[in-house]
Amino acid sequence: MPELPEVEVTRISLAERLAGARVLAARAGKPLRWPLGCQVHSLAGLTVGLLARRGKYLWMPLEGPPARRGGLLWHLGMSGSLALVAGAQREHGSHDHFDLLTTAGMLRLTDPRRFGAVVWSSALDADPARRLLAKLGPEPFDPAVTAARLHAACRARRTSIKAALLSGELVVGAGNIYACEALFVAGIDPRLRCDRLSRVRVERLLAALRLILSRAIELGGTTLRDFRDAHGMAGAFQSEARVYGREGMACARCGSTIRRVVQQQRSTFFCPSCQTR
DNA sequence: CGGGACGCCTGTGAGC
DNA sequence: TGCTCACAGGCGTCCC
């Protein structure tokens, strides 16, 4: 589910509520992608700081005495979501794999496929957090990301532009939905080799990506099935998708039939007329 | 070294 | 109705 917009929507819906809250207890359910890396009871007594996002990860600082302080790095995987759970619903279900009971409510990670993770790290720039974030590209809204720099990065890669976007090494944040949608807006064939993109087309792609990601955040993300923000609200971007999931349907812009191809084991949707090589 | 396939895990919908 | 198969929002690891 969660690409950058869904993770950012989650962050926004949680940050103010949790800031300053005290951790009362924690509970781990079935194993997630990586082990937690600390004892659940060692989290009690720490104070939640301001939630931050890096790529599709959330960083939750946990303040306390120097020997105990650190934070939790969260990832929602394919099917994860975070919710502030009301008191009456504290009984956990079979897909609820991590609970953080705080003075501001209970934060619960629900993740049927368990590709997500919650990992303790003593600091964001210490392992294991440092290692997990080490290969991430720059944030798409970072002003330091310019068309010129993105173009230079593109010229060094021979894979398809779709695969390059998904890798998160050019810029982080685009997953399968937003990579497809941004390439549609930019009018670029997803099969085009990264190093063949002209400077002007890279400029259009960067603008399209920023437009799509910011619009998705405004709309509360995309809810295909599971995604909810921390208050249980579904996103609405799915109704603005122009190509993703629309194989065989008419392109809203030109009427051509939307196609699906497979690139690196992932579906890619595109309009064969609007998107060119 | 870059690039692509694999595997992790569970649920769902389509087709027979 | 019940079975099997394809596919699903991510990403670290392995192999060529």
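Worth knowing before you read on, the calculation uses all heavy atoms, side chains too, and leaves out hydrogens, waters and symmetry mates. Below, read A as the first sequence line, B as the second, and so on, with proteins coming before strands; counting in each chain starts at 1. Bear in mind that the values here come from a model prediction, so they are computed numbers and not experimental data.
- Transitive grouping of hydrophobic side chains (ILVMFWY, heavy atoms separated by less than 4.5 Å) brings A:Leu84 and A:Leu51 into a common cluster.
- Residue pairs meeting the salt bridge (charged side-chain N to carboxylate O under 4.0 Å, His left out) criterion with at least one partner in residues 202-217 of chain A, sequence neighbours excluded, are A:Arg199-A:Glu203, A:Arg215-A:Glu218, A:Arg215-A:Glu240.
- Annotation for A:Met249: hydrophobic cluster partners, listed by chain and number, are none (ILVMFWY side-chain heavy atoms under 4.5 Å, direct or chained).
- As rounded to the nearest Å, B:dC6 and C:dA6 have P atoms that lie 14 Å from one another.
- Where DNA chain B meets chain A (any atom under 4.0 Å from a heavy atom), the bounding nucleotides read 5' to 3' are B:dG3 to B:dT12.
- Here the C1' atom of nucleotide C:dG10 and the CZ atom of A:Arg266 are 6 Å apart, to the nearest Å.
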Taking Watson-Crick (N1-N3 plus N6-O4 or O6-N4) and G-U wobble (N1-O2, O6-N3), each under 3.5 Å, can you produce the dot-bracket string of DNA chain C? Use [ ] for crossing pairs and | for inter-strand ones. .|||||||.|||||||

Please tabulate, for the side chains in residues 28-45 of chain A, all donor-acceptor contacts under 3.5 angstrom to protein atoms that are two or more places apart in sequence or on a different chain.
residue	atom	partner	partner atom	Å
A:Ser42	OG	A:Gln39	O	2.6

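- Contact check on A:Glu6 versus A:Lys56 returns no salt bridge, with no Lys/Arg side-chain nitrogen under 4.0 Å from an Asp/Glu carboxylate oxygen.
- A:Asp111 and A:Arg114 are not joined by a salt bridge, as no carboxylate oxygen comes within less than 4.0 angstrom of a charged side-chain nitrogen.
- Taking atom NZ of residue A:Lys56 and atom P of nucleotide C:dG12, one finds them 10 Å apart after rounding to whole Å.
- Classification of A:Asp195 and A:Arg155 as a salt-bridged pair fails, no side-chain N sitting under 4.0 Å from a carboxylate O.
- Look at the C1' atom in both B:dT12 and C:dC11: the space between them is 23 Å, to the nearest Å.
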Each nucleotide N or O in nucleotides 14-16 of chain C that has a protein N or O under 3.5 Å away: list the pair and distance.
none

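- Contacts of A:Ala250 classified as side-chain contact (heavy atoms from CB on, under 4.5 Å), with partners at least two apart in sequence or in another chain: none.
- Residue A:His75 has its side chain nearest to C:dC11 when only C:dC11, C:dG12, C:dA8 are considered.
- Between the OH atom of A:Tyr244 and the C1' atom of C:dC7 there is a distance of 9 Å, rounded to whole Å.
- Residues meeting the ring pair (Phe, Tyr, Trp, His ring centres under 6.0 Å) test with A:Phe184, sequence neighbours left out: none.
- Of the residues in residues 146-167 of chain A, those with a non-hydrogen atom less than 4.0 angstrom from any atom of DNA chain B are A:Arg157, A:Arg158, A:Thr159.
- Side chains of A:Thr110 and A:Asp96: a donor-acceptor N/O pair is present below 3.5 angstrom, by distance only.
- Hydrophobic cluster of A:Val200: no remaining members, since no ILVMFWY side chain lies below 4.5 Å from it.
- A:Leu32 has its CG atom 15 Å from the C1' atom of C:dC11, to the nearest Å.
- Within residues 113-132 of chain A, the residues that place at least one heavy atom under 4.0 Å from DNA chain B are, in residue-number order, A:Arg113, A:Arg114, A:Phe115.
- More than 12 heavy-atom neighbours from other residues, nucleotides or ligands sit within 6.0 angstrom of CZ on A:Arg69.
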Could you give me the CA-CA distance, side-chain angles and deciding distance for A:Val172 and A:Glu139, then say whether side-chain contact (heavy atoms from CB on, under 4.5 Å) is met? CA-CA 6 Å; A:Val172 293; A:Glu139 289 290 324; 3.6 Å; yes

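- Every residue meeting the ring pair (Phe, Tyr, Trp, His ring centres under 6.0 Å) condition with A:Phe237, not counting sequence neighbours, appears here in chain and number order: A:Tyr178.
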